[in-house]
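Accompanying notes for the structure given below.
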Amino acid sequence: MSIDTTTTMAILKRDFYNRNACQVARDLLGAHLVRFINDQRVSGIIVETEAYRDGDAASHAYRGRTSRNTPMWQTPGISYVYLTYGMHWLLNAVVEPENAPAAVLIRAIQPLDGLDIIAENRYGRPPREWTNGPARTTMALNINAAQNQVDLTSQSDGLWIESADPIPDSDVCTGPRIGLGKNVPEPWRSIPWRWWLKDNPHVSHISKKSNVEPI
DNA sequence: ACGGAGATCTTCT
DNA sequence: GAAGATCTCCGTT
């Protein structure tokens, strides 16, 4: 789909995040993930997300609160950044009311501003592979442990999300979440809690093996 | 284009 | 001690 990038942006407020993770994941499609690096704006359009909810066996929060997953219980609208596979940082937005552990994983963006910085951060890779995955996205935007538990509703920490033109349902696809452990039981294993923009070339490469169905 | 394996280390059992 | 909300490289088609 083509995307209008001339819209006037507004930073998403806490109320936006204080909702069911599935609704937030759906509505984050098309929003702009923005990072400030060396006084330069680096951003991308969110094109793929996943929801993780309370009681969800695939969620980090499922077996209770630990030092790592504590942000999931905290104020909606903060970040939850964690290290996976010993080497990759993944960015989540914490959602739902405080004490209801839930988050939305940002799985892919379409590069928008600061392409020179993104190219530098993803040196040697073709543009198509700059941000088409959750760890590729954090590498492109210099996101790591320093961005854990920052306030996404404020510019003060150099990482926030802005609203843009709403995406119609006809341009949204859903499917099962990617990369879940093989011991994750049904219905969580195949529940369609991943959302992406139809035909967008920047969705995560690893997800392209999975099924593709419109809402 | 696709598939398999290694990388690498924190977190929790 | 094992398992990850993954990426990259290197093989083969």
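Within every chain, numbering begins at 1; the chains are lettered A, B, ... in the order of the sequence lines, protein sequences first and strands thereafter.
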Can you measure [X] atom [atom1] to [N] atom [atom2] for me and round it to whole angstrom units?
| X | N | atom1 | atom2 | answer |
| --- | --- | --- | --- | --- |
| Glu48(A) | dT6(C) | CD | P | 10 Å |
| Asn69(A) | dA3(C) | CG | C1' | 16 Å |
| His60(A) | dT13(B) | NE2 | P | 13 Å |
| Arg189(A) | dA5(C) | CZ | P | 12 Å |
| Met139(A) | dT6(C) | CE | C1' | 8 Å |
| Tyr62(A) | dG4(C) | OH | P | 15 Å |
| Ile178(A) | dG4(C) | CD1 | P | 15 Å |
| His205(A) | dC2(B) | NE2 | P | 13 Å |

Of all the nucleotides listed ([options]), which has the minimum atom distance to the side chain of [X]?
| X | options | answer |
| --- | --- | --- |
| Leu90(A) | dG4(C), dA5(C), dC7(C) | dA5(C) |
| Asn92(A) | dT8(C), dG4(C), dA5(C) | dA5(C) |
| Arg136(A) | dT6(C), dC7(C), dT10(B) | dC7(C) |
| Leu83(A) | dA5(C), dC9(B), dC12(B) | dC9(B) |
| Met87(A) | dT13(B), dG4(C), dT8(B) | dT8(B) |
| His88(A) | dC9(B), dT8(C), dC7(C) | dC7(C) |
| Tyr52(A) | dA5(C), dT6(C), dC7(C) | dA5(C) |

Is the phosphate of [N] approached by [X] (side-chain N or O, under 4.0 Å from OP1 or OP2)?
| X | N | value |
| --- | --- | --- |
| Asn183(A) | dG4(C) | yes |
| Arg125(A) | dC7(C) | no |
| Arg63(A) | dT11(B) | no |

* **Same-atom distance (P) from dG3(B) to dA5(C), integer angstrom** => 22 Å
* Measure across Leu115(A) and Leu112(A) and return the closest heavy-atom pair with its distance rounded to 0.1 Å. => CD2-O, 3.8 Å
* N/O donor-acceptor pair under 3.5 Å between Asp171(A) side chain and Lys198(A) backbone -> no
* Has the side chain of Arg35(A) got a donor or acceptor atom that lies under 3.5 Å from a matching backbone atom of Asn142(A)? -> yes
* Is a donor-acceptor pair below 3.5 Å formed from side chain Tyr82(A) to base dA5(C), judging by atom type as modelled? -> yes
* Asked: Want to settle it: does Arg122(A) or Leu105(A) sit nearer the 5' end of DNA chain C, counting the closest nucleotide to each?
  -> Leu105(A)
* Asked: Which residue lies toward the 5' end of DNA chain C, Glu129(A) or Lys182(A), if each is placed at its nearest nucleotide?
  -> Lys182(A)
* State the pairing partner of dG4(B); accept Watson-Crick or G-U wobble contacts with both distances under 3.5 Å, and report none otherwise. => dC9(C)
* Separation between OG of Ser79(A) and CD1 of Ile143(A), rounded to the nearest 0.5 Å -> 8.5 Å
* How far does OG1 of Thr49(A) sit from CD1 of Ile106(A), to the nearest 0.5 angstrom? -> 6.5 Å
* To do: Identify whether any heavy atom of Ala103(A) sits under 4.0 Å from a base atom; if not, whether one sits that close to sugar-phosphate; answer base, sugar-phosphate or nothing.
  => nothing
* To do: Remember a base hit wins even if backbone is also touched, and classify Arg177(A) as base, sugar-phosphate or nothing at under 4.0 Å, heavy atoms.
  => nothing
* Asked: So with a 6.0 Å cut-off around CG of Asn38(A), is the heavy-atom count from everything else above 12?
  -> no
